[in-house]
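Accompanying notes for the structure given below.
Order of the sequence lines sets the chain letters (A, B, ...), proteins ahead of strands, with each chain counted from 1. Side-chain atoms are counted along with the backbone in the values below, which use heavy atoms only and exclude waters and symmetry mates.
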There are 2 protein chains.
Amino acid sequence: MTPRPDARRRLLDAADELFAVQGCAATPVDQVLTRAGVAPATLYAHFGSKTGLQAAVLDARLARWDTTWAAAVDAAPDDRGRLLAVFDALAEFARGEAASRWCAFLDAAAGAPADDPTATAAITADTALLRARLTELAGPVAGDRAAELAEQLLVVVSGTLAMHLRPGGSLATGRATAEALLR
Amino acid sequence: MTPRPDARRRLLDAADELFAVQGCAATPVDQVLTRAGVAPATLYAHFGSKTGLQAAVLDARLARWDTTWAAAVDAAPDDRGRLLAVFDALAEFARGEAASRWCAFLDAAAGAPADDPTATAAITADTALLRARLTELAGPVAGDRAAELAEQLLVVVSGTLAMHLRPGGSLATGRATAEALLR
DNA sequence: GTCTATACCGGGATAGAC
DNA sequence: GTCTATCCCGGTATAGAC
């Protein structure tokens with residue numbers, strides 16, 4: 001009824017929070033609509049489908065993750081710190097308003113059928129960013145074994161995220177694992 | 001029509017395979033019924049609900065994982081090998097008839113709401129087994145830092161499983177990460 | 001573009017006979 | 001305990017007015 005300003009933005013914000021906290025599959029469209037204060041038809045006019053909304057949400061989230069991570073890298077004092085800055089960035093992201101349950105990209109990949117194009121695109125882009133920047137930052141620390149180290153750190157980062165689903169998991173343990181790997 | 005022998009077993013087998021490959025949430029009950037060659041009412045007579053079936057499936061799967069892992073530990077030549085045997089066991093499990101997409105327990109935890117009792121019980125039991133045995137096996141290798149090392153290996157194991165959802169993930173990289181951690 | 005109201009469908013679960 | 005047939009709800013998506 002009330003002509004809300006930028007329904008699109010409100011939808012993206014509401015969906016981002018709910019998807020991050022509950023998981024996309026576990027979040028009914030109605031809940032997004034209620035939180036955004038928007039009517040169903042508006043959602044479909046903008047995004048075409050729930051999947052389309054999810055794609056837009058993940059796209060925006062990847063951009064924010066990119067920015068947050070880059071800032072954490074810039075703030076680090078030395079090469080080793082820059083390589084470990086991914087954990088600072090994870091902490092920063094976790095501190096954000098609604099703490100993600102684990103990882104929106106892994107959630108998309110886990111929740112969708114294996115060949116789902118939206119989920120595949122999202123997890124591929126996220127993984128590519130992680131791999132590329134970790135490899136780049138590993139250069140000064142590991143030299144010609146940068147790619148190898150980056151791959152191992154990718155396992156540790158993914159494991160840190162997955163540990164959010166298990167009892168007793170902590171970001172600190174993930175960081176400690178990465179630090180041990182650098183010795 | 002045909003009085004199938006042990007419908008219960010057939011249901012468990014069918015569900016285990018389908019849940020492992022596709023994820024539980026992504027698998028309709030109908031598909032389980034079709035594969036098992038069993039009627040809907042039979043499923044509900046035995047397990048009460050899809051959730052009940054899932055609980056039984058995860059219970060059986062944990063028991064098999066326990067056995068497989070223990071056998072891999074026994075087959076290892078030395079203390080270090082026994083600690084890394086968890087990756088041999090993962091390989092053995094992955095080689096099983098229908099290769100799991102990633103991990104049935106993490107899948108249950110990721111697919112259900114955060115406070116779902118069935119998923120919580122499953123992921124808790126799985127995590128407890130991993131933690132306990134890793135700690136025990138880390139003893140001869142790490143002495144009084146066994147708990148710390150076990151916790152880090154738990155991150156690496158979880159990360160190895162999560163990497164199944166990303167492009168370019170491999171069990172070998174997970175094992176290499178764990179080996180690097182032992183140096 | 002946005003709203004109200006509704007159509008449509010997939011999926012979990014049940015009724016009742018055998 | 002097992003079968004056939006069916007119910008019923010939640011959830012996505014659309015129709016049509018404003």
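With D:dA13, D:dT2, C:dT2 as the choices, the nucleotide that has an atom nearest any side-chain atom of A:K50 turns out to be D:dA13. For A:A45, whose side chain is taken as the heavy atoms from C-beta onward, the closest listed nucleotide among D:dT2, C:dT2, C:dT14 is C:dT2.
Not counting sequence neighbours, the partners of B:A72 by the side chain to side chain contact (heavy atoms under 4.5 Å, CB included) test are B:A85, B:D88, B:A89. Checked against side chain to side chain donor-acceptor pair (under 3.5 Å), A:S170 has the following partners two or more places apart in sequence or in another chain: A:T173. Among residues two or more places apart in sequence or in another chain, the side chain to side chain contact (heavy atoms under 4.5 Å, CB included) test is passed with B:A112 by B:D116, B:A119. Under the rule for a side chain to side chain donor-acceptor pair (under 3.5 Å), the partners of A:E148 that lie at least two apart in sequence or sit in another chain are A:R145. The side chain to side chain donor-acceptor pair (under 3.5 Å) search around B:S100 returns B:R61, not counting sequence neighbours.
Taking all atoms of both residues into account, the shortest heavy-atom contact from B:G174 to B:T160 is CA-OG1, 3.3 Å.
The distance between atom CG of B:L11 and atom P of D:dG1, rounded to the nearest whole Å, is 13 Å. Rounded to an integer number of Å, the gap from A:R8 CZ to C:dT2 P is 10 Å. Rounded to whole Å, atom P of D:dG1 lies 14 Å from atom CG of B:L43. One atom, NE2 of B:H46, and another, P of C:dA13, lie 16 Å apart when rounded to the nearest Å. Between B:L33 atom CG and D:dC3 atom C1' there is a gap of 12 Å when expressed in whole angstrom units. Here the P atom of nucleotide C:dG12 and the CZ atom of B:F47 are 15 Å apart, to the nearest Å. In this structure, CG of B:L53 is placed 10 Å from P of C:dA13, rounded to the nearest angstrom.
Sorted by first then second residue, the salt bridge (charged side-chain N to carboxylate O under 4.0 Å, His left out) pairs that include residues 25-51 of chain A, not counting sequence neighbours, are A:E17-A:R35.
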Please output the side-chain donor-acceptor pairs of residues 74-83 of chain A that fall under 3.5 Å, not counting sequence neighbours, one pair per line with the distance.
{"residue": "A:D78", "atom": "OD1", "partner": "A:G81", "partner atom": "N", "Å": "2.7"}
{"residue": "A:D79", "atom": "OD1", "partner": "A:R82", "partner atom": "NH2", "Å": "3.0"}

Quiz: residues 37-46 of chain A side-chain donor-acceptor pairs under 3.5 angstrom, not counting sequence neighbours:
none

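Applying a 4.0 Å cut-off to non-hydrogen atoms, none of the residues of residues 18-30 of chain B approaches DNA chain D. Contacts between residues 104-120 of chain A and DNA chain D, defined by a heavy-atom separation under 4.0 Å, are absent.
In this structure, the side chains of A:D126 and A:L58 stay at 4.5 Å or more apart for every pair of heavy atoms.
Ring geometry for B:F93 against B:W65 counts as perpendicular: the plane angle is over 60°, on a 0 to 90° scale with 30° as the lower cut.
Residues B:R175 and B:E179 are paired through a salt bridge, judged by an N-O separation under 4.0 Å between the basic side chain and the carboxylate. Taking a cutoff of 4.0 Å between a charged side-chain nitrogen and a carboxylate oxygen, B:E136 and B:R133 do not qualify as a salt bridge.
Under 4.0 angstrom from either OP1 or OP2 of C:dC3 there lies at least one side-chain N or O belonging to A:T42. Look at B:Y44 and you'll find a side-chain N or O under 4.0 angstrom from OP1 or OP2 of C:dA13.
Distance check: A:L130 CG to A:F105 CZ gives 9.0 Å after rounding to the nearest 0.5 Å.
In the helix from C:dG1-D:dC18 to C:dC18-D:dG1, the terminal helix axes, each the rotation mapping four pairs' C1' atoms onto the next four within five end pairs, subtend 10°, rounded to 10°.
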Between the protein and nucleotides 16-18 of chain C, list the N/O to N/O atom pairs that are separated by less than 3.5 angstrom.
none

